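Notes to accompany the following structure.
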Amino acid sequence: VQLQASGGGLVQAGGSLRLSCAASGRIFSINAMGWYRQAPGKQRELVAAITSGGGTNYADSVKGRFTISRDNAKNTVYLQMNSLKPEDTAVYYCRPGTYYSGSDYFAPFGSWGQGTQVTVSS
């Protein structure tokens with residue numbers, strides 16, 4: 001399973017972007033979805049996750065600035081990114097997975113698809 005993220009671009013610090021990721025109906029409806037990012041020279045990290053029921057979880061670095069949402073009719077997950085900072089510069093990816101609410105752990109499955117580049121200038 002590979003999903004393709006879209007919506008990245010170049011934006012000034014303080015600006016906003018909305019990323020999108022579409023999946024097949026069968027994958028999307030029963031699974032949680034997660035957004036990851038990988039900055040140059042750094043490990044890939046989970047930014048936000050959303051359960052099939054709409055529960056959300058965020059990395060501390062993006063809380064209050066990023067919002068993950070899903071449109072079940074369109075089988076699409078979004079990442080609204082506001083108040084962007086240069087340190088948000090990275091390639092962003094989406095993955096389906098399982099969210100374990102008791103431990104706030106998101107376990108992705110499938111493989112990494114094509115990400116979308118987000119560049120925030122200072």
Side-chain angles (χ1 to χ4, degrees):
V1 176
Q2 284 189 347
L3 304 180
Q4 183 167 337
S6 62
L10 173 63
V11 64
Q12 289 188 332
S16 299
L17 284 173
R18 189 176 81 155
L19 307 184
S20 300
C21 178
S24 70
R26 183 172 64 86
I27 293 171
F28 189 84
S29 64
I30 62 173
N31 288 291
M33 298 292 292
W35 281 100
Y36 289 80
R37 68 184 180 188
Q38 187 168 23
K42 295 188 177 180
Q43 287 189 332
R44 204 166 304 191
E45 63 172 342
L46 179 65
V47 173
I50 186 167
T51 68
S52 57
T56 59
N57 195 38
Y58 298 91
D60 288 343
S61 58
V62 306
K63 280 181 181 177
R65 301 188 299 120
F66 290 11
T67 302
I68 188 171
S69 62
R70 60 193 296 157
D71 185 334
N72 292 333
K74 296 182 178 179
N75 298 329
T76 300
V77 62
Y78 303 98
L79 186 67
Q80 177 68 44
M81 305 185 296
N82 298 328
S83 302
L84 282 162
K85 305 175 180 179
E87 51 264 44
D88 295 318
T89 295
V91 179
Y92 285 72
Y93 304 84
C94 61
R95 290 275 295 269
T98 301
Y99 186 78
Y100 298 92
S101 58
S103 55
D104 281 341
Y105 178 70
F106 179 79
F109 62 79
S111 58
W112 296 107
Q114 184 174 344
T116 186
Q117 176 71 48
V118 172
T119 303
V120 185
S121 62
S122 58

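What you see is a predicted model, and the numbers here were worked out from it, not measured in a lab. These values consider heavy atoms only, across backbone and side chains, with no hydrogens, waters or symmetry-generated copies. Nothing fancy with the numbering, it's 1 onward along the sequence.
Think of Y105 as one node in a network of Ile, Leu, Val, Met, Phe, Trp and Tyr side chains linked at under 4.5 Å; its network also takes in Y100.
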Original post:
Stepwise, does the side-chain contact (heavy atoms from CB on, under 4.5 Å) test hold for Y92 with C21?
Top reply: CA-CA 10 Å; Y92 285 72; C21 178; over 6 Å; no
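To the nearest 0.5 Å, atom CZ of residue R95 and atom CZ of residue F109 are 8.5 Å apart. Atom OG1 in T116 sits 8.5 Å away from atom CD in Q4 (nearest 0.5 Å). In this structure, CZ on R18 lies 11.5 Å from OG1 on T67, to the nearest 0.5 angstrom. A distance of 12.5 Å separates OG in S20 from CG in L3, rounded to the nearest 0.5 Å.
A salt bridge does not link D88 with K85: every distance from a Lys NZ or Arg NE/NH1/NH2 to an Asp or Glu carboxylate oxygen is 4.0 Å or more.
In this structure, the side chain to side chain contact (heavy atoms under 4.5 Å, CB included) partners of N72, at least two apart in sequence or on a different chain, are F28, R70. By the side chain to side chain contact (heavy atoms under 4.5 Å, CB included) test, N57 is found to be paired with Y99, D104, residues two or more places apart in sequence or in another chain being considered. In this structure, the side chain to side chain contact (heavy atoms under 4.5 Å, CB included) partners of A13, at least two apart in sequence or on a different chain, are P86, V120. Listed by chain and number, the residues in a side chain to side chain contact (heavy atoms under 4.5 Å, CB included) with V91 are Y93, Q117 (sequence neighbours excluded).
Neither L17 nor Y78 shares a network with the other; the hydrophobic side chains, linked directly or stepwise wherever heavy atoms of I, L, V, M, F, W or Y lie under 4.5 Å apart, form separate groups for each.
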Quiz: residues 45-53 side-chain donor-acceptor pairs under 3.5 angstrom, not counting sequence neighbours:
residue, atom, partner, partner atom, Å
E45, OE2, R37, NE, 2.7
E45, OE2, R37, NH2, 3.2
T51, OG1, G53, N, 3.3
T51, OG1, G54, N, 3.2
T51, OG1, G55, N, 2.8

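At least one cation-pi condition fails for R44 and Y36: the charged atom is not both under 6.0 angstrom from the six-membered ring centre and inside a 45 degree cone around its axis.
Between A32 and F106 the shortest heavy-atom distance is CB-CE1, 3.7 Å. For the residue pair Q80 and S16, the shortest heavy atom distance occurs at NE2-CB, 4.0 Å.
L19 is listed as a side-chain neighbour of V118, based on a closest heavy-atom distance under 4.5 Å.
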